[in-house]
Amino acid sequence: MKILILGGTEEARTLADALVAMGHDVTTSYAGRTTDPLRPGGEIRAGGFGGGRGLADYLLANSFRRLVDATHPYSVRMATNAVEASRLTGVRLVRLTRPVWIEPQYAFWHHMPNAEATADALPAGARVLLTVGHRNLDVFLRRTDCSFVVRSIEPPEKPLPVTARSLLARPPFFVGAETELMRQEGISHLVTKNSGGVQTEAKLKAAQQLRVAVLMIARPQLPPAHEVPTVGRAIAALHLERE
Ligand code: NAP
């Protein structure tokens with residue numbers, strides 16, 4: 001069956017590999033922002049579709065029968081477009097979203113509603129490990145009374161202020177190295193989205209060990225869709241045996 005996966009995540013890649021191994025005709029779509037992403041099996045395409053209607057046109061023009069939104073849980077626009085495209089075309093949509101990280105009993109987490117509130121909550125003098133990707137960097141970096149280690153896969157789009165340094169690194173990350181990084185950098189606060197998954201969760205264990213405060217930015221609300229937490233459940237929800 002012809003399946004389009006909206007990707008950019010580890011689980012999108014795992015799902016594509018599994019569906020290809022099952023003999024399906026799979027295309028994975030990337031936004032096109034990460035240079036040299038790890039390639040899954042099947043076809044690859046890159047770049048936006050032009051909103052929900054553009055995605056609907058693409059699905060119909062290429063005769064896709066299933067759509068999987070396996071983008072990051074904070075990718076609200078793509079999730080919204082996927083729902084609209086499914087409604088316009090009748091193509092079955094499954095959203096594959098990793099479960100959230102659960103706060104360990106002895107952790108030091110502060111639950112924040114959004115990036116702005118998180119930036120405001122940092123105390124003056126905080127030494128911050130900032131792991132929020134590219135979006136909203138400015139919101140944090142205007143806090144010139146704090147200093148930042150900005151970790152990202154791709155270099156920041158603009159030069160950083162003197163209060164921040166860029167650290168380029170690609171997951172997976174491991175507890176030993178995360179602990180060493182936080183210790184060496186004198187980190188007092190970790191700012192993160194609740195991305196979930198195993199690739200980047202080591203920072204939370206390191207923060208707990210070092211008693212570094214975690215400012216956890218809540219997941220955004222996504223439009224209703226058939227949502228599943230694992231690759232196996234996504235395969236089942238696609239109803240590949242039908243049609
Ligand atoms: P977003 O805000 O929801 O989407 C912005 C626009 O980018 C969409 O409207 C769409 O353009 C295009 N787009 C996004 N994902 C796409 C995909 N997989 N294939 C084709 N076009 C896509 O997305 P975002 O949060 O910036 O994330 C962009 C990509 O990075 C996603 O693929 C996501 O899985 C990945 N990612 C995001 C995060 C994060 O923290 N946000 C973390 C890790 C990976 P059109 O409207 O023109 O179609």
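Start at 1 and go down the list; that is how both ligands and their atoms are numbered.
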K.L.:
Looking at ligand 1, is there an atom of it that comes within less than 4.0 Å of some heavy atom belonging to Gly47?
P.N.:
yes
K.L.:
Would you mind checking which non-hydrogen protein atom is closest to atom 10 (C) of ligand 1, with the distance to 0.1 Å?
P.N.:
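In this structure, atom 10 (C) of ligand 1 has Met78 SD, 3.7 Å as its nearest protein heavy atom.
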K.L.:
Specify the protein heavy atom at minimum distance from atom 19 (N) of ligand 1: its residue, its atom name, and the distance to 0.1 Å.
P.N.:
Ser29 OG, 2.7 Å
K.L.:
Within a strict 4.5 Å, meaning less than it, do heavy atoms of the Met78 and Leu55 side chains meet?
P.N.:
yes
K.L.:
For ligand 1, which is the ligand I care about here, please tell me if Gly51 has any N or O atom under 3.5 Å from one of the ligand's N or O atoms.
P.N.:
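Yes - when backbone and side-chain N and O of Gly51 are compared with those of ligand 1, one distance drops under 3.5 Å.
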K.L.:
Does this structure show an ion pair linking Glu178 with Lys205, if we count only N-O contacts that are shorter than 4.0 Å?
P.N.:
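Salt bridge: no.
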K.L.:
Go through the side-chain N and O atoms of Arg45 and Ser29 and say whether any donor and acceptor fall under 3.5 Å apart.
P.N.:
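Indeed, the side chains of Arg45 and Ser29 share at least one donor-acceptor pair under 3.5 Å.
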K.L.:
Just need the protein heavy atom nearest to atom 44 (C) of ligand 1, so name the residue and atom and give the distance.
P.N.:
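Checked against all protein heavy atoms, atom 44 (C) of ligand 1 sits closest to Gly8 O, 3.3 Å.
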K.L.:
Is any side-chain heavy atom of Met216 closer than 4.5 Å to one of Glu103?
P.N.:
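They are not in side-chain contact.
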K.L.:
Can you find an N/O atom of Leu6 closer than 3.5 Å to an N/O atom of ligand 1?
P.N.:
no
K.L.:
So which heavy atom in the protein is nearest atom 29 (C) of ligand 1, and how far is it from that ligand atom?
P.N.:
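For atom 29 (C) of ligand 1, the nearest protein heavy atom is Ala31 CB, 3.8 Å.
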K.L.:
Can you tell me how far the CD1 atom of Ile187 sits from the CG atom of Leu181, to the nearest 0.5 Å?
P.N.:
6.5 Å
K.L.:
Heavy-atom count check: over 12 atoms from other residues, nucleotides or ligands less than 6.0 Å from Glu154 CD?
P.N.:
yes
K.L.:
Check each of Tyr74, Tyr58, Phe49 against atom 45 (P) of ligand 1 and report the one with the nearest heavy atom.
P.N.:
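The nearest heavy atom belongs to Phe49.
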K.L.:
May I ask you to check whether Arg77 has an N/O atom sitting below 3.5 Å from an N/O atom of ligand 1?
P.N.:
yes
K.L.:
Who's the nearest protein heavy-atom neighbour of atom 9 (O) of ligand 1, and how far?
P.N.:
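Closest protein heavy atom to atom 9 (O) of ligand 1: Asn81 ND2, 3.3 Å.
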K.L.:
Does any N/O atom on Gly50 come nearer than 3.5 Å to any N/O atom on ligand 1?
P.N.:
yes
K.L.:
How many angstroms lie between atom OH of Tyr74 and atom CG of Leu222, to the nearest 0.5 angstrom?
P.N.:
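So the OH of Tyr74 and the CG of Leu222 are separated by 10.0 Å.
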K.L.:
Can you tell me which residue and heavy atom of the protein come closest to atom 43 (C) of ligand 1, and the distance to 0.1 Å?
P.N.:
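Ranking protein heavy atoms by distance from atom 43 (C) of ligand 1, first comes His72 CD2, 3.4 Å.
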K.L.:
So Thr118 and Asn136, do their side chains get closer than 4.5 Å, heavy atoms only?
P.N.:
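Of all side-chain heavy-atom pairs linking Thr118 with Asn136, none is under 4.5 Å.
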K.L.:
Could you say whether the N/O atoms of Thr71 and ligand 1 ever approach to under 3.5 Å?
P.N.:
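Such a contact does not occur with ligand 1.
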K.L.:
With rounding to the nearest 0.5 angstrom, report the CD1 to CZ distance, Ile44 to Arg39.
P.N.:
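Interatomic distance, Ile44 CD1 to Arg39 CZ, rounded to 0.5 Å: 4.5 Å.
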K.L.:
Can an N or O of Gly7 be found at a distance shorter than 3.5 Å from an N or O of ligand 1?
P.N.:
yes
K.L.:
Can you tell whether the side chains of Asp120 and Arg142 come within less than 4.0 Å, N to carboxylate O?
P.N.:
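Salt bridge flag = yes for Arg142 with Asp120.
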K.L.:
Taking the side chain as every heavy atom from C-beta outward, state whether Asn62 and Leu4 have any atom pair closer than 4.5 Å.
P.N.:
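Asn62 does not reach Leu4 side chain to side chain.
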K.L.:
Which protein heavy atom lies closest to atom 25 (O) of ligand 1, and at what distance to 0.1 Å?
P.N.:
Ser75 OG, 2.9 Å
K.L.:
Taking non-hydrogen atoms only, is Val76 closer than 4.0 angstrom to ligand 1 via side chain, backbone, both or neither?
P.N.:
backbone
K.L.:
Return a yes/no value for Arg33: is any of its N or O atoms, backbone included, closer than 3.5 angstrom to an N or O of ligand 1?
P.N.:
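Right, the criterion is met.
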K.L.:
Rounded to the nearest 0.5 Å, what separates atom CE in Met1 from atom CZ in Phe64?
P.N.:
13.0 Å
K.L.:
Which residue and atom name correspond to the protein heavy atom nearest atom 11 (O) of ligand 1, and how close is it?
P.N.:
Gly48 CA, 3.6 Å
K.L.:
If the cut-off is 4.0 Å to any non-hydrogen atom of Lys193, which atoms of ligand 1 fall inside it?
P.N.:
39 (C), 40 (O), 41 (N)
